[in-house]
Amino acid sequence: QVQLVESGGGLVQAGGSLRLSCVASGRTFGQYVIGWFRQAPGREREFVAAINRSGSSTYYAASVKGRFTASRDNAKNTVFVQMNSLEPDDTAVHYCAARGGTLVSAREDQYDYWGQGTQVTVSS
C-alpha cells in the first residue's frame, strides 16, 4: 500500500515555472514507477510524465516534452516534476500515481495508487 500526497501547485503567469512534489508513504517507494497525470475542467485525465524506479529513465507527453522534467529522490520518498515555460493549457489538477513493475507507462489504468491532486493555474 502506498499513499501519495502532491504539493507545489499554484497560480503562475504564462512563461513561469512551478515544481510539483509527490511524497509517498511506505518503505518500498523505490519499487514503484511514478507517473504524473492532469485533468483540466471538462476534459479527460491525460498523461504528463513518468519516471522509472531508479530515476534513470523518464517519459513525457509530447505537449510537455522539453518543458517538464521529472526526477526522484528515493531516500526522501519524493518525486518531483519541474515545470518551465508554463502555458495556459497547462492549467489542470495534477496527480501523481504509482505502479509496481519496472516499465514506465502512459496508461492510467496501469497505476494502482493515486494522490489527491494539486491545482496548477497558468494565467495568460
Side-chain angles (χ1 to χ4, degrees):
Q1 188 80 11
V2 177
Q3 292 184 322
L4 305 171
V5 179
E6 304 93 336
S7 63
L11 173 63
V12 64
Q13 289 188 330
S17 299
L18 285 173
R19 188 175 80 156
L20 304 184
S21 299
C22 172
V23 179
S25 63
R27 294 178 293 175
T28 59
F29 176 71
Q31 297 179 12
Y32 292 91
V33 170
I34 302 296
W36 286 94
F37 294 80
R38 66 187 181 187
Q39 187 167 22
R43 298 179 65 175
E44 296 289 318
R45 189 157 56 186
E46 64 177 6
F47 169 75
V48 175
I51 187 165
N52 70 346
R53 298 186 302 180
S54 68
S56 62
S57 178
T58 52
Y59 177 48
Y60 299 96
S63 60
V64 307
K65 194 170 185 180
R67 300 189 297 121
F68 289 15
T69 303
S71 60
R72 67 190 295 163
D73 184 341
N74 286 343
K76 297 182 178 179
N77 281 13
T78 304
V79 171
F80 305 96
V81 60
Q82 177 67 41
M83 307 187 297
N84 298 328
S85 301
L86 283 162
E87 304 167 352
D89 281 349
D90 295 317
T91 296
V93 178
H94 285 65
Y95 301 88
C96 66
R99 68 183 296 264
T102 59
L103 298 178
V104 295
S105 174
R107 290 178 50 181
E108 62 177 275
D109 64 348
Q110 294 188 348
Y111 288 83
D112 303 304
Y113 306 102
W114 291 80
Q116 83 290 348
T118 185
Q119 177 70 47
V120 171
T121 303
V122 184
S123 63
S124 57

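Every heavy atom of this structure was used, including side-chain atoms; hydrogens, water molecules and symmetry mates were not. Start at 1 with the first residue, then count along the sequence.
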| query | Given Leu18 and Leu86, is the side-chain contact (heavy atoms from CB on, under 4.5 Å) satisfied, shown in steps? | reply | CA-CA 8 Å; Leu18 285 173; Leu86 283 162; 4.1 Å; yes

| query | Passes side-chain contact (heavy atoms from CB on, under 4.5 Å), Ile34 versus Arg72? Steps please. | reply | CA-CA 9 Å; Ile34 302 296; Arg72 67 190 295 163; 3.9 Å; yes

| task | Begin from the C-alpha positions of Ser17 and Gln82 and carry the test side-chain contact (heavy atoms from CB on, under 4.5 Å) through to its verdict. | result | CA-CA 7 Å; Ser17 299; Gln82 177 67 41; 3.9 Å; yes

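At least one donor-acceptor pair closer than 3.5 Å links the side chain of Asn52 to the backbone N or O of Ser57. Formation of a donor-acceptor pair under 3.5 Å by the Thr78 side chain with backbone atoms of Asp73 is not found in this model. Proximity of a side-chain donor or acceptor of Asn74 to a complementary backbone N or O of Asn77 within less than 3.5 Å is not detected. Checked by atom type and distance alone, the side chain of Gln39 never pairs as donor or acceptor with a backbone atom of Val93 at under 3.5 Å. Looking only at distances, no side-chain donor or acceptor of Thr118 sits under 3.5 Å from a matching main-chain atom of Ser7. Side-chain N or O atoms of Arg99 include none that pairs as donor or acceptor with a backbone N or O of Asp112 at under 3.5 Å.
Legend: residues meeting side chain to side chain contact (heavy atoms under 4.5 Å, CB included) with Ser25, ordered by chain and number and at least two apart, are Gln3. Residues passing the ring pair (Phe, Tyr, Trp, His ring centres under 6.0 Å) test with Tyr95: none are found, sequence neighbours excluded.
Expressed to the nearest 0.5 Å, how far SG of Cys22 lies from CD of Glu6 amounts to 5.5 Å. Atoms CG and CH2, on Leu20 and Trp36 in that order, are 5.0 Å from each other to the nearest 0.5 Å. Atom-to-atom distance recorded for Leu103:CG and Arg53:CZ is 9.5 Å, nearest 0.5 angstrom.
The cluster map of Ile, Leu, Val, Met, Phe, Trp and Tyr, joined by side-chain heavy atoms under 4.5 Å apart, puts Ile51 and Val33 in different clusters. Hydrophobic clustering keeps Tyr32 apart from Val104 (ILVMFWY residues linked when any side-chain heavy atoms are closer than 4.5 Å, directly or through intermediates). Under the 4.5 Å side-chain heavy-atom criterion for Ile, Leu, Val, Met, Phe, Trp and Tyr, Trp114 and Leu4 are members of distinct hydrophobic clusters.
Contacts classified as side chain to side chain donor-acceptor pair (under 3.5 Å) and involving residues 41-51 (residues at least two apart or in different chains) are given here: Arg38-Glu46, Arg45-Glu108. Pairs of residues two or more places apart, or lying in two chains, that qualify as ring-ring contact (aromatic ring centres under 6.0 Å, His included) and include a residue from residues 40-69 are Phe37-Phe47, Phe47-Tyr59.
Side chain to side chain, Gln110 and Ser105 meet the donor-acceptor criterion of an N or O pair below 3.5 Å.
Counting heavy atoms from C-beta on, the side chains of Met83 and Arg67 never come closer than 4.5 Å.
When all heavy atoms are compared, the tightest approach of Ala92 to Ala40 is CB-N, 3.7 Å. Minimum heavy-atom separation, Asp109 to Arg107: OD2-NH2, 2.8 Å.
The hydrophobic cluster analysis finds Phe80 isolated: no Ile, Leu, Val, Met, Phe, Trp or Tyr side chain comes under 4.5 Å of it, directly or through other members. The hydrophobic cluster containing Val23, built from Ile/Leu/Val/Met/Phe/Trp/Tyr side-chain heavy atoms closer than 4.5 Å, comprises no other residue.
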